[in-house]
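A quick write-up on the structure given underneath.
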Amino acid sequence: MKYFNRNLLIEKVKVKNIVKKFSTPTYCYSYKKLKENINNFKKSFNSFSPLVCFSIKSNNNLNLIKEIKKFGFGADVVSIGELMISLKAGIDPKKIVFSGVGKTSEEIKNAIDKKILLINAESKSEIIEIEKIAKSKKKIVNVGIRLNPNIDAKTLKQISTGKKEDKFGVDEKTFLNIVNYASLSKNINLKCLSVHLGSQILDHKPYEKMLKVLDKTIRKSNHNFEFIDLGGGMGISYEKNNKKFNYSKYNNAIKRFLKKHKSNVIFEPGRSIVGNIGYLISKVIYIKKNNKKHFIILDAAMNDFMRPALYGSNHKILPVIKKNILSKNIYEFVGPICESTDKFTTLKKFQKLDEKDLLVICDVGAYGISLSSNYNMRPKPAEILIKGSKIKAIKKRQKLTDLI
Ligand code: LLP
């Protein structure tokens, strides 16, 4: 993001012009950044050519998934809806993995019919259900089992998934029991050990620990896993001083692991691919003064972008037109929704704002539109993709008639 003649640009397009055409609030994605993220991710692990399954839950825009697919990515899905949208985007079923603690029989049947690469099961009951369905269809189904490695990923507690108190995966004892069970089954083929520590992880050390746990568990199981699915979770820098995830150390740890275990690696990244490609453009409706604090009331709200309300996370806000006057007031950026958590951030130093000014909330490409809702009967924003100087509408703004 840079300014040219005081105008904020996304790639070569003035944000001001996007607003003229698409109004606000609007989600906007940069193709250049998407491409950079994908290439960096691939480069970080190129010595063992992993299968990269983009985590659809992080951004489920069909046109964006189509772009991601062109780089050879598969998909990590957690529902029939995500499976269908991945197939519609043209993703090869042999590059799709299905995760989640509560797959219904309908979802399992669908996944089997579509011949996806793996169903990653998260309990013994699920394995038994998959086996039952596979038997009734006279099929052999490829499955994985998700191990809960009981590791603290050192991230927000709401998005940590790899500790024993979390609902995800199975403990080692159950894991080994399922391996034995599967080895006797005629309808399931146990091909994968899967694991996912959590999200927005900035420290590589929990991953190193995780690989040690996998090594130990695989040895005990005495089973050959064709795949190890290491999940996603690699964090991004939302704030200036955030440290960066050390891909090189993670890559080295995986390479050491692969010397002992000849498996194909699968990754399921979401945020690291799309997090920093997205911007939410919004307009100031009113400014309400309350002593030193001024409420900047935006036309974007927690229903459009949930992360600050849900996790207290902070996202950078930038003005669309730069003025060189600093405000003396504290600005609290809020949405119009009837909840006190409908608040994006509080800033002490920001340029002086006026009503109708335009702003951009940054790094909203992951868990932005996919977590949005129609709360307060608010239609979902439009989504557009910028490629150089081209603007492509990739999803229309919802209409009120879609809701009523
Ligand atoms: N694989 C599995 C099994 C997952 O549960 C997730 C995310 C991913 C892959 C992708 O993780 P990523 O690479 O994006 O970190 N809404 C929260 C994040 C929830 C993550 C849920 N699972 C947020 O906005 O921070």
Side-chain angles (χ1 to χ4, degrees), residues 41 44-45 47-55 57-58 76 78 97 99-101 118 120-123 143-179 190-236 243-273:
F41 193 92
S44 303
F45 303 109
S47 69
F48 53 88
S49 315
L51 169 63
V52 188
C53 294
F54 172 63
S55 194
K57 65 170 83 67
S58 65
D76 152 48
V78 291
V97 295
S99 325
V101 291
L118 289 165
N120 285 337
E122 302 215 18
S123 61
V143 299
I145 311 172
R146 178 163 170 183
L147 177 73
N148 182 322
N150 191 22
I151 284 168
D152 184 355
K154 306 243 169 359
T155 181
L156 292 170
K157 85 171 185 315
Q158 300 97 316
I159 53 175
S160 158
T161 53
K163 285 196 285 183
K164 65 173 187 283
E165 57 267 35
D166 300 323
K167 69 179 173 187
F168 302 95
V170 296
D171 59 17
E172 190 190 78
K173 194 167 158 229
T174 315
F175 184 90
L176 297 174
N177 173 286
I178 296 176
V179 175
L190 176 56
K191 286 199 161 188
C192 176
L193 185 166
S194 83
V195 66
H196 173 76
L197 288 186
S199 199
Q200 184 51 13
I201 301 170
L202 286 164
D203 187 355
H204 65 280
K205 288 191 205 82
Y207 286 103
E208 288 179 346
K209 278 194 197 157
M210 171 186 94
L211 288 165
K212 285 195 181 129
V213 173
L214 296 199
D215 175 39
K216 199 179 88 210
T217 308
I218 293 175
R219 277 173 206 281
K220 280 192 194 163
S221 77
N222 212 8
H223 185 86
N224 262 335
F225 289 94
E226 186 178 330
F227 298 99
I228 51 157
D229 178 345
L230 300 175
M234 297 80 147
I236 62 169
K243 67 174 184 184
K244 288 207 164 70
F245 184 79
N246 193 328
Y247 280 89
S248 155
K249 290 207 168 137
Y250 188 24
N251 175 54
N252 288 338
I254 298 172
K255 283 202 315 208
R256 284 196 297 275
F257 174 91
L258 291 177
K259 282 196 180 128
K260 294 182 242 163
H261 304 279
K262 302 266 167 283
S263 300
N264 299 306
V265 174
I266 300 174
F267 287 117
E268 303 172 353
R271 191 188 315 266
S272 50
I273 304 300

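The basis for the numbers below is simple: all heavy atoms, side chains too, and nothing from hydrogens, waters or symmetry mates.
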Stepwise ring-ring contact (aromatic ring centres under 6.0 Å, His included) check, Phe225 with Phe227: CA-CA 5 Å; Phe225 289 94; Phe227 298 99; over 10 Å; no
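- Inter-residue side-chain proximity for Ser47 and Lys255 is flagged as met; some heavy-atom pair is nearer than 4.5 Å.
- Side-chain atoms of Arg271 and Ser199 form a donor-acceptor pair, as typed in the model, at a separation below 3.5 Å.
- Aromatic rings from Tyr207 and Phe245 are positioned such that their centres are separated by under 6.0 Å.
- The aromatic rings of Phe41 and Phe267 sit perpendicular, their planes meeting at an angle over 60°, well past the 30° parallel limit.
- Side-chain atoms of Asn246 come within 3.5 Å of backbone atoms of Ser248 as a donor-acceptor pair (strictly under, hydrogens ignored).
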Leu230 and Val195: CA distance, side-chain angles, deciding distance, side-chain contact (heavy atoms from CB on, under 4.5 Å) verdict: CA-CA 5 Å; Leu230 300 175; Val195 66; 4.1 Å; yes
Chi angles and distances behind the side-chain contact (heavy atoms from CB on, under 4.5 Å) call for Ser194, Leu147: CA-CA 6 Å; Ser194 83; Leu147 177 73; over 6 Å; no
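- Taking the six-membered ring where the residue is Trp, Tyr250 and Phe45 present perpendicular rings, their angle passing 60° and hence far from 30°.
- The minimum heavy-atom distance linking Ser44 with Asn251 is given by the pair O-CG, 3.2 Å.
- The OG1 atom of Thr174 sits 10.0 Å away from atom CD1 of Ile145, with the distance rounded to the nearest 0.5 Å.
- Checked by atom type and distance alone, the side chain of Thr161 pairs as donor or acceptor with a backbone atom of Leu197 at under 3.5 Å.
- Here the straight-line distance linking atom CD1 of Ile201 with atom NZ of Lys205 works out to 13.5 Å at 0.5 Å rounding.
- The shortest heavy-atom contact between Ser99 and Glu268 is OG-OE2, 3.7 Å.
- Nearest heavy atom pair, residue Val78 against residue Gly100, reads CG1-N, 4.5 Å.
- Between Lys167 atom NZ and Asn148 atom CG the span is 12.5 Å, to the nearest 0.5 Å.
- Side chains of Asp171 and Asn150: no donor on one and acceptor on the other come within 3.5 Å.
- Arg146 places a side-chain heavy atom less than 4.5 Å from the side chain of Phe168.
- From Ser272, atom OG reaches atom CZ of Phe54 across 9.0 Å, with rounding to the nearest 0.5 Å.
- Between the side chains of Glu172 and Thr217, at least one donor-acceptor pair of N or O atoms lies under 3.5 Å.
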Verdict with reasoning, Leu193 to Ile218, per side-chain contact (heavy atoms from CB on, under 4.5 Å): CA-CA 9 Å; Leu193 185 166; Ile218 293 175; 3.6 Å; yes
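- The main-chain N or O of Ser263 is never found under 3.5 Å from a side-chain atom of His261 such that the two would form a donor-acceptor pair.
- A donor-acceptor pair under 3.5 Å is absent between the side-chain atoms of Ser221 and the main chain of Leu176, judged by distance alone.
- Looking at heavy atoms from C-beta onward, Lys212 lies out of side-chain contact with Phe257 at the 4.5 angstrom threshold.
- Here Leu258 contributes atom CG and Ile228 contributes atom CD1; the two are 5.5 Å apart, rounded to the nearest 0.5 Å.
- Nearest heavy atoms, Ser58 versus Ser55: OG-O, 2.8 Å.
- Between Asp215 and Lys260, at least one side-chain N (NZ, or NE/NH1/NH2) sits under 4.0 Å from a carboxylate O, which counts as a salt bridge.
- Checked for salt-bridge contact, Lys57 and Asp76 meet the test: a charged N lies under 4.0 Å from a carboxylate O.
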Residue pair Asp229, Val97: steps toward the side-chain contact (heavy atoms from CB on, under 4.5 Å) verdict: CA-CA 9 Å; Asp229 178 345; Val97 295; 4.0 Å; yes
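- Taking each heavy atom of Lys259 and Lys262 in turn, the nearest pair found is O-NZ, 3.4 Å.
- Between the OG1 atom in Thr155 and the CG atom in Asp203 there is a gap of 10.5 Å [rounded to 0.5 Å].
- For Pro269 against Cys53, the heavy-atom pair with the smallest separation is CD-O, 3.6 Å.
- Between Gln200 and Leu156 the shortest side-chain heavy-atom distance does not fall below 4.5 Å.
- Within a 6.0 Å radius of NZ in Lys244, other residues, nucleotides and ligands contribute 12 heavy atoms or fewer.
- Using a 4.0 Å cut-off between charged side-chain N and carboxylate O, Lys249 and Glu208 make no salt bridge.
- The closest side-chain heavy-atom distance from Ile254 to Leu211 is below 4.5 Å.
- Judged by distance alone, with hydrogens and angles left aside, the side-chain atoms of His223 form a donor-acceptor pair with the main-chain N or O of Leu190 at under 3.5 Å.
- Remark: the backbone N or O of Val170 is not paired with any side-chain donor or acceptor of Glu122 at under 3.5 angstrom.
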